[in-house]
Amino acid sequence: MNGAPPHGSYQHTWQRSINSPEDFWLEAADGIEWNTRPRAALEQRSPTDWSWFPGGRLNTSFNALDRHVHAGRGAQTALIYDSAMTGTQASLTYLELLGRVSKFAGALRANGVGRGDRVIIYLPMIPEAVIAMLACARIGAIHSVVFGGFAANELAARIDDARPSVIVTASGGHEPGRAVEYLPLVQRALALSAGSVHTVIVRNRNTIPGSAADYANEPVSWLDWDVQEESAAPADPVSMASEDPLYILYTSGTTGSPKGIVRDTGGHAVALAWSMRNIYNVEPGDVYWAASDVGWVVGHSYIVYAPLLVGATTVIYEGKPIGTPDAGAFWRVIQQYQVKVLFTAPTAVRAIRRVDPELTELAKYDVSCLASLFLAGERLDPETFHWANDGLHCPVVDHWWQTETGWAICANPLGIEELETRPGSATVPVPGYKIEILNSKGQPVSRVGKDGNIAIRLPLPPGNLLGIWGSKERFSSAYLTAFPGYYATGDSGHFDDDGYLYIMGRTDDVINVAGHRLSTGSLEEVLTLHPAVAECAVLGVHDALKGQRAAGFVTLKAGATIDHDTLATELVALVRDHVGPVAAFRDVTILERLPKTRSGKILRKTIRQIVDGEPYTVPPTIEDPTVLDDLKSALDASANKAPVPRALVEPT
Ligand code: COA
Ligand code: AMP
């Protein structure tokens, strides 16, 4: 089945992007100011090797800041900072943001960071996260942002892979009911990693203890952000080749070692600027709020780069949709800053709905400025769609994308044409993307409505990943070899008769917990570290709030005598310590045996169906059907147990 949908101006635009990509993307490249214009839109070196905007030279920080100041919009607000956690509210104009970015870029340079060097940014949702990213872009350094909810081990794995010379961090971040101190985590990650880092720059937050001075005796030098920024000479933007990497962002793959997705400079800038106008219908001066985190791709693209590339105002929000202080938090921010577009994950909407199903908090605010709500990161279930749609009286758009693509693959392109919404569907392919549904042999599925592997025809449009950091081969083996001529998205789904795409789930072991992408394989690797565990399986099971949650099933080694509650607590603590609180791992079921086929394969699908209460058939290849009865009894026994309390599982 081919994804060519039948619509007016959308249809025309999509068709043109596929038939004449050269003209289409060169025209889009006008949305960016180049030092040297590209000689072409696309250079295809082989079927699996291409680059966007060859010969083009530009600087992303210049395009996000200087350009708007030169155009006379220096006094416009570039960034609004709202911390529901500390009560802080602040804003920076384009001129002020440019000043701070230039100075911090100078500070990085003074610490030996240059073109192509890597800098790890481990910061909470404070303006300095945006400043550090743009400062790297200004001097041609490649940033890699690590989400604050990851543990020291995950940070160390990223340090070992990216080999940064500098880490930029802060004394910590705020989570409801607790402060997360970052500096001990950084110190531990440095001790665990191989030693490329020579400097740690620390933003001291007076709400959280810890500063660079506390680490004066460490082998690497720990410096204070304020001192560095104040004493630095401002740095001018350097001219980068379109193909030069802008950033690396690690994401979960099918193995325990995360993949460093590499983004280019030129294709990224062009695609994001194009997306703001054509997908989100945002113009210079509009206020755009992505309620995500800079540690995720949504934050990279739509908190930092895209809004600033088009001269909009971006909101950086430190807080949650509920409990900080209530379920009206999002509506308050929308009214206060006159937000035109909100982008968040379905989980956030479900969280608000759970606490305030009648939307009584919404009634306290005037959110008539809100033109649209965009959701991504996980499937938007029709029930949540209807609830949001009925309550907000503006288009609610489910759009589908991945860390790898960097921007939407399917959406309702409001800036081109507002299409009819179909609950459960991410609407239609975005211009630039030719999507096909393939069977396991790589042939197009024969019937509309039949699920298959969702694949994108090569070459991928601009803004998509350039490769995987450190391994050309891994890019190809992970994405390009399953279906020659296509990028395998790892998602399954189908088109309907009108070319609307429905995403049904992953075809690999990646799961989405509250819009956070996790690999069950890597969680299994952690569980098997426990000395009492013989075998384990981690599955993504249904969760009414978070979409999915990870559930672990373990068997004990012969002779292991550990009490089951103690083991469960230790396993939860182990995951928290190795992966981090973001894994939200709380479910452990201890079994005598795992359900397996006669050839020894764990029956993951059957286990998941039983846990989710779905109908299932006992596979004919099952080794011993009575194991399923044992599984059900074990689940019944654990159903009434309270989750393991956080106090018991915090790493020391
Ligand atoms: N730093 C440190 N810890 C973090 C963190 C961060 N930046 N972000 C989350 N955590 C912790 C949480 O405190 C929680 O810890 P706990 O087990 O001690 O309570 C754990 O990680 C799990 O977090 P989360 O899955 O977010 O659950 P929650 O119960 O704290 O919040 C929601 C639930 C729905 C309110 C929250 O998930 C949310 O706002 N989701 C929106 C989705 C989103 O932004 N997705 C990003 C991709 S677009
Ligand atoms: P991430 O790389 O963290 O953005 O996660 C990407 C994955 O999240 C996709 O491969 C999908 O499995 C899932 N996903 C993202 N957006 C959607 C959506 N709108 N509908 C269904 N699944 C989605």
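Quick note: numbers below take in every heavy atom, side chains included, and nothing from hydrogens, waters or symmetry partners. Every number for a ligand or one of its atoms is a count from 1 in the order of the listing.
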Novice: Does at least one non-hydrogen atom of Gly377 fall below 4.0 angstrom from an atom of ligand 2?
Specialist: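 True for this residue.
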
Novice: Out of all atoms in ligand 1, which are within 4.0 Å of some heavy atom of Pro321? Include the element for each.
Specialist: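 Answer, ordered by atom number: 35 (C), 39 (O).
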
Novice: Closer than 4.0 Å to some heavy atom of Arg379 - which atoms of ligand 2 meet that?
Specialist: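 Contacts of ligand 2 toward Arg379, numbered from 1: 20 (N), 21 (C), 22 (N).
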
Novice: What is the nearest protein non-hydrogen atom to atom 5 (O) of ligand 2, stated with its residue, atom name and distance?
Specialist: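 Answer for atom 5 (O) of ligand 2: Arg517 CD, 3.5 Å.
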
Novice: For atom 8 (N) of ligand 1, which of the options Phe330, Phe150, Phe147 provides the nearest non-hydrogen atom?
Specialist: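 Going through Phe330, Phe150, Phe147 one by one, Phe147 has the nearest heavy atom to atom 8 (N) of ligand 1.
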
Novice: Regarding ligand 2, does Asp398 bring an N or O atom to under 3.5 Å of one of the ligand's N or O atoms?
Specialist: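 Yes: some nitrogen or oxygen of Asp398 is under 3.5 Å from one in ligand 2.
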
Novice: Check each of Gly148, Gly149, Ser292 against atom 46 (C) of ligand 1 and report the one with the nearest heavy atom.
Specialist: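 Checking each option, the heavy atom nearest atom 46 (C) of ligand 1 is found in Ser292.
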
Novice: Counting only heavy atoms, tell me which of Ala291, Gly323, Ala376, Ala348 gets closest to atom 44 (O) of ligand 1.
Specialist: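 Considering heavy atoms of Ala291, Gly323, Ala376, Ala348, the nearest to atom 44 (O) of ligand 1 sits in Ala291.
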
Novice: Which of parallel (below 30°), tilted (30 to 60°) and perpendicular (above 60°) describes Tyr247 and His143?
Specialist: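 It falls in the parallel class, under 30°.
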
Novice: Tyr433 pairs by ring-ring contact (aromatic ring centres under 6.0 Å, His included) with which of Trp407, Trp14, Tyr486?
Specialist: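 Exactly one pass, corresponding to Trp407.
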
Novice: Within ligand 1, which atoms have a heavy atom of Val180 less than 4.0 Å away?
Specialist: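 Counting from 1, the qualifying ligand atoms are 2 (C).
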
Novice: For the CH2 atom of Trp469 and the CG atom of Asp161, what is their distance to the nearest 0.5 Å?
Specialist: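 The distance works out to 9.0 Å.
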
Novice: Any N or O of Arg506 that comes nearer than 3.5 Å to an N or O of ligand 2?
Specialist: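 So ligand 2 has an N or O lying under 3.5 Å from an N or O of Arg506.
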
Novice: Going by the atom numbers of ligand 2, which of them fall below 4.0 Å from some non-hydrogen atom of His399?
Specialist: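 So the answer, numbered in order with elements, is 16 (N), 18 (C), 19 (N).
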
Novice: For atom CD of Glu383, is the number of surrounding heavy atoms from other residues, nucleotides or ligands below 6.0 Å larger than 12?
Specialist: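 No, not enclosed.
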
Novice: Give yes or no for whether the N/O distance cutoff of 3.5 Å, strictly under, is met between Arg586 and ligand 1.
Specialist: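 The answer is yes, given that Arg586 and ligand 1 share an N or O pair closer than 3.5 Å.
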
Novice: Parallel, tilted or perpendicular: which one describes the rings of Tyr280 and Tyr288, with boundaries at 30° and 60°?
Specialist: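 Perpendicular: the ring planes of Tyr280 and Tyr288 meet at over 60°.
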
Novice: For atom 18 (C) of ligand 2, find the nearest protein heavy atom and state the residue, atom name and distance (0.1 Å precision).
Specialist: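 Here the closest protein heavy atom is Glu378 O, 3.3 Å.
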
Novice: Measure from NZ or CZ of Arg205 to the centre of the six-membered ring of Tyr182, then state whether that distance is under 6.0 Å and the direction lies within 45° of the axis.
Specialist: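 No.
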
Novice: Does a donor on one side chain sit under 3.5 Å from an acceptor on the other, for Thr347 and Glu378?
Specialist: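 Yes.
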
Novice: Between Gly377 and Asn512, which heavy-atom pair has the shortest distance, and what is it?
Specialist: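 Smallest heavy-atom distance, with atoms named: O-OD1, 2.8 Å.
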
Novice: Do the side-chain N and O atoms of Asp491 and Gln402 include a donor-acceptor pair separated by under 3.5 angstrom?
Specialist: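 The criterion, which ignores hydrogens and geometry beyond distance, is satisfied for Gln402 and Asp491.
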
Novice: If we count only N and O atoms by modelled type, under 3.5 Å, do the side chains of His174 and Ser83 hold a donor and an acceptor together?
Specialist: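 There is no such pair (donor and acceptor under 3.5 Å, judged by atom type) between the side chains of His174 and Ser83.
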
Novice: Atoms of ligand 1 less than 4.0 Å from Arg576 heavy atoms?
Specialist: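 Selected atoms, number and element: 16 (P), 17 (O), 18 (O).
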
Novice: Identify which one of Tyr81, Phe343, Tyr337, Trp289 satisfies the ring-ring contact (aromatic ring centres under 6.0 Å, His included) criterion when paired with Tyr317.
Specialist: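 Result for ring-ring contact (aromatic ring centres under 6.0 Å, His included) with Tyr317: Trp289.
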
Novice: Determine whether the side chains of Thr251 and Arg517 contain a donor N or O and an acceptor N or O closer than 3.5 Å.
Specialist: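 Short answer, yes.
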
Novice: Counting each atom of ligand 2 from 1 as listed, which ones have a heavy atom of Ile503 under 4.0 Å away?
Specialist: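 Listed by number with element: 21 (C), 22 (N).
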
Novice: Show the atoms of ligand 1 that are less than 4.0 angstrom away from any heavy atom in Gly515.
Specialist: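 With Gly515 as reference, the close atoms of ligand 1 come out as 47 (C).
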
Novice: With a heavy-atom distance limit of 4.0 Å, tell me whether Thr403 approaches ligand 2 through its side chain, its backbone, both, or neither.
Specialist: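 It is both backbone and side chain that touch ligand 2.
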
Novice: Can you say whether the rings of Trp401 and His399 are parallel (under 30°), tilted (30 to 60°) or perpendicular (over 60°)?
Specialist: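 If you compare the ring of Trp401 with that of His399, the planes turn out tilted.
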
Novice: To check your reading of the model: name the closest protein heavy atom to atom 6 (C) of ligand 2, its residue, and the distance in Å.
Specialist: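 Here the nearest protein heavy atom works out to Trp401 O, 3.5 Å.
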
Novice: Would you say that Ser144 contacts Tyr250 through its side chain, given a criterion of any heavy-atom pair below 4.5 Å between the two side chains?
Specialist: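 A side-chain contact exists here, since the closest heavy-atom pair is under 4.5 Å.
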
Novice: Who's closest to atom 12 (O) of ligand 2 heavy-atom-wise, of Asn512, Asp491, Leu249, Asp381?
Specialist: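 Comparing heavy atoms across Asn512, Asp491, Leu249, Asp381, the nearest one to atom 12 (O) of ligand 2 lies in Asp491.
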
Novice: Show the atoms of ligand 1 that are less than 4.0 angstrom away from any heavy atom in Ala345.
Specialist: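 It comes down to these atoms of ligand 1: 42 (C), 43 (C), 45 (N).
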
Novice: What part of Trp296 sits under 4.0 Å from ligand 2 if we count only heavy atoms: the side chain, the backbone, both or neither?
Specialist: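 The answer is neither; Trp296 stays 4.0 Å or more away.
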
Novice: Which ligand 1 atoms are under 4.0 Å away from a heavy-atom of Val582?
Specialist: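 Matching atoms, with element in brackets: 21 (O).
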
Novice: Could you name the option among Arg178, Arg517, Lys546 that has the heavy atom nearest to atom 29 (O) of ligand 1?
Specialist: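 Among Arg178, Arg517, Lys546, the closest heavy atom to atom 29 (O) of ligand 1 comes from Lys546.
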
Novice: Just to be sure I'm reading this right: ignoring hydrogens, which of Glu378, His516, Glu175, Glu318 gets closest to atom 12 (C) of ligand 1? Compare them by their nearest heavy atoms.
Specialist: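 Looking at heavy atoms only, Glu175 sits closest to atom 12 (C) of ligand 1.
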
